[in-house]
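One structure below.
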Protein chains: 2
Amino acid sequence: MNHNSTPRPATARGQRTRQRLVEAAEAVFGRKGFERASISDITQQAGVALGTFYVYFPDKQALLVEVVDGLGARLRAELARAIAGRTDRLEVEREGFRAFFAFTARHRLLYRVVRQSEFVDEACFRRYYRSFAAPYARALAAAQRSGQVRRLDPEVLAYALMGITDFLGMRYVLWGRKRDMAAVLDAAVELVRHGMAAPAGGGRPGPAPRRARRRTA
Amino acid sequence: MNHNSTPRPATARGQRTRQRLVEAAEAVFGRKGFERASISDITQQAGVALGTFYVYFPDKQALLVEVVDGLGARLRAELARAIAGRTDRLEVEREGFRAFFAFTARHRLLYRVVRQSEFVDEACFRRYYRSFAAPYARALAAAQRSGQVRRLDPEVLAYALMGITDFLGMRYVLWGRKRDMAAVLDAAVELVRHGMAAPAGGGRPGPAPRRARRRTA
DNA sequence: CGTGGAGTTGAATTATGATTCATGTTTCAT
DNA sequence: ATGAAACATGAATCATAATTCAACTCCACG
C-alpha cells in the first residue's frame, strides 16, 4: 500500500510536519501544476525549511503519489458515506453523482492533481481510476443479479458512468458558473436511467428540457 | 484562429522545417510529456539545430498549442467523415464512437498531449473540448426537434457522451489489450440508447452480457 | 554569377531548481 | 535529568535546459 521509500516519522512532531507537507503539496500542485511547483514552493507553503522535505520524501514524485492516493481514499470514503443504506441502484447513482460533484466543488484541485499524475507516475494514475472502477463494477454486477440493472458488461458500465461524472464535473463544476448543478444532475440521471433514445409513443415536439428542483450538490 | 506570434514561413523550405518540428513535437510530447521534453529533444527528433526552433516558435508552449489544435482539427475531420450521410442519430453515435476509438488507437499520444495542455495553456485545453461539444450539442438539439432523441439539455448530453467515449477509450484502447473493442462499443451504444435501468417485464436472471460481433474499431 | 532575404547553426549565456550535508535543535525513553 | 535519536535548517553544489546571437548557408531573382 505504501508507495514511497522513506519510513514514517517516529515522533508526533514528525507526523505533523509530514502532514503539513502533504497538505501544502496538494495546494501547490493544484495551483501551479506538478512540474512548475518547486520543492521550495511546497516547503514555504508548509512553513518549513527546504531541507526538511528530504527528511520525509525522496523526491517530488513520491509526494505527488501520496497526495493522489490520499485524494482517492477521501473521495471513496465520501462516496461510501453518500450511498450508505440505499438499495435502489438508480438512487445510488444519483447520490453518487451528487457526492462527486460536491467533493469536486470543495476540492477544485482534485482534477488537476490527479491528472498530473499521468505524466509523473502512470501506475498511480491508473490505480486511482481502478480503485473506483473495481468496486463500482462489482456493485453493478450485484444490481444486475437482483434484476435492477440491464445486463451490460459491468466494467464497461462502470467506466462509462465514471466518464459521465468526470466530464460533467469538469464542465459544470470546474468551468461553468452559469448552470445550476441540480439541473445537470437530473439530466445525467435521466440519461443513465432511460438512455437518450426518445421515449416510445409521442414523436415530435416534446416538452422543453426539464428544469431543476433539488438542492445543489 | 492563430494562437502563436511568429509569422508563417515564407518559403517552401521553411514550411517543411516548421512542419517537421510540429510532427516531432507530437511524438516527443506524447512520449516524454510536455515538461520533460526539452526543446533540444524536439529539434533532434526533427533533425534540425536547436536555434532553428526559435525561428518558428516563441517557446515550447506555442508549439504545444499548435499540436493540440491540430489534433483536434484532425479528429473532428475524421468524425465528420465517419458520420457523413447518416440520419439516424443513434447510428451516428455508434459510428462516432467507433471513429473515436479508431483514431485513438492510431494516435495513442492524443490523450497525453491534449491532457498536458491543461497545465500549460488552459484556454487551449478548454477550446479543445468545446470545439467538440458545441457542434455535438447542436446536432443533438436538432435530433431532439425531429423527435429522435429524448429532451435532455443538449450540452449536458454532449459532455456526458464525450465523457463516456473518453473513459472507454482510455480504459480499453489505451490500457487494456484484453477485451475487444466491438463488445465495448456495443455495450456503450446500448447504454446510451436505453439506459442502465433493467428493461421492464422480466425480473431476475437475464441473459449474460452480450458478446461482440462487429469488426474492431 | 552576385546579391539579399530567408533559413540554419550551435556555442555561450543565464536562470532555475533539485539535492546534499554539516550544523543546530527538539523530543523522549530511561 | 540526560544523551541519543529524531528532526530541522538553509547555504552551497550541481545539473539541466531555455534563450540569445553572431556567423554561416541556401536559393530565387536580376
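Proteins get letters first, then strands, A, B, ... in listed order; numbering begins at 1 in each.
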Whole-Å distance, B:Phe34 CZ to D:dA18 P, equals 9 Å
Length of the OH-C1' vector between A:Tyr56 and D:dA8, whole Å: 8 Å
Please report the distance, rounded to the nearest Å, between CD in B:Gln44 and P in D:dA18. 12 Å
Report the distance from atom CG of B:Asp41 to atom P of D:dA17, rounded to the nearest whole Å. 7 Å
Would the distance check show the side chain of B:Arg74 and the main-chain N or O of B:Asp69 forming a donor-acceptor pair, the cut-off being under 3.5 Å? no
Once you round it to whole Å, what is the distance between P of D:dA15 and CD1 of A:Ile39? 18 Å
If you measure only the distance, is there a donor-acceptor pair under 3.5 Å linking the side chains of B:Gln44 and B:Ser40? yes
Strictly below 4.0 Å, N to O, side chains only: are A:Arg94 and A:Glu190 in salt-bridge contact? no
Before we go on, tell me: are the rings of A:Phe167 and B:Tyr129 under 6.0 Å apart, centre to centre? yes
B:Gln116 vs B:Phe29 side-chain heavy atoms within contact, under 4.5 Å: no
Categorize A:Leu50 for me: base, sugar-phosphate, or nothing, with a 4.0 angstrom heavy-atom threshold over every strand shown. base
Could you tell me whether B:Thr52 contacts a base, only the sugar-phosphate backbone, or nothing, with contacts defined as non-hydrogen atoms closer than 4.0 Å? base
Heavy atoms only, 4.0 Å cut-off, all strands: where does B:Gly14 land among base, sugar-phosphate and nothing? sugar-phosphate
Would you mind classifying the nucleic acid contact of A:Ser38 as base, sugar-phosphate or nothing, using non-hydrogen atoms under 4.0 angstrom? sugar-phosphate
If I take atom CZ in residue A:Arg8 and atom C1' in nucleotide D:dC7, what distance separates them, rounded to the nearest angstrom? 17 Å
Whole-Å distance, A:Arg13 CZ to D:dA8 C1', equals 7 Å
Could you report the tightest heavy-atom contact between B:Lys60 and B:Ala37, atom names first, then the distance? NZ-O, 2.9 Å
In this structure, how many angstroms lie between the P atom of D:dT19 and the OH atom of B:Tyr54, rounded? 4 Å
Are the side chains of A:Leu140 and B:Met196 in contact, using a 4.5 Å heavy-atom criterion? yes
Hey, does B:Ala12 reach any base, or is it just sugar-phosphate, or nothing, if we go heavy atoms under 4.0 Å? nothing
Shoot me the first and last contacting nucleotide of DNA chain C against chain A, ordered 5' to 3', at under 4.0 angstrom to non-hydrogen atoms. C:dG17 to C:dT27
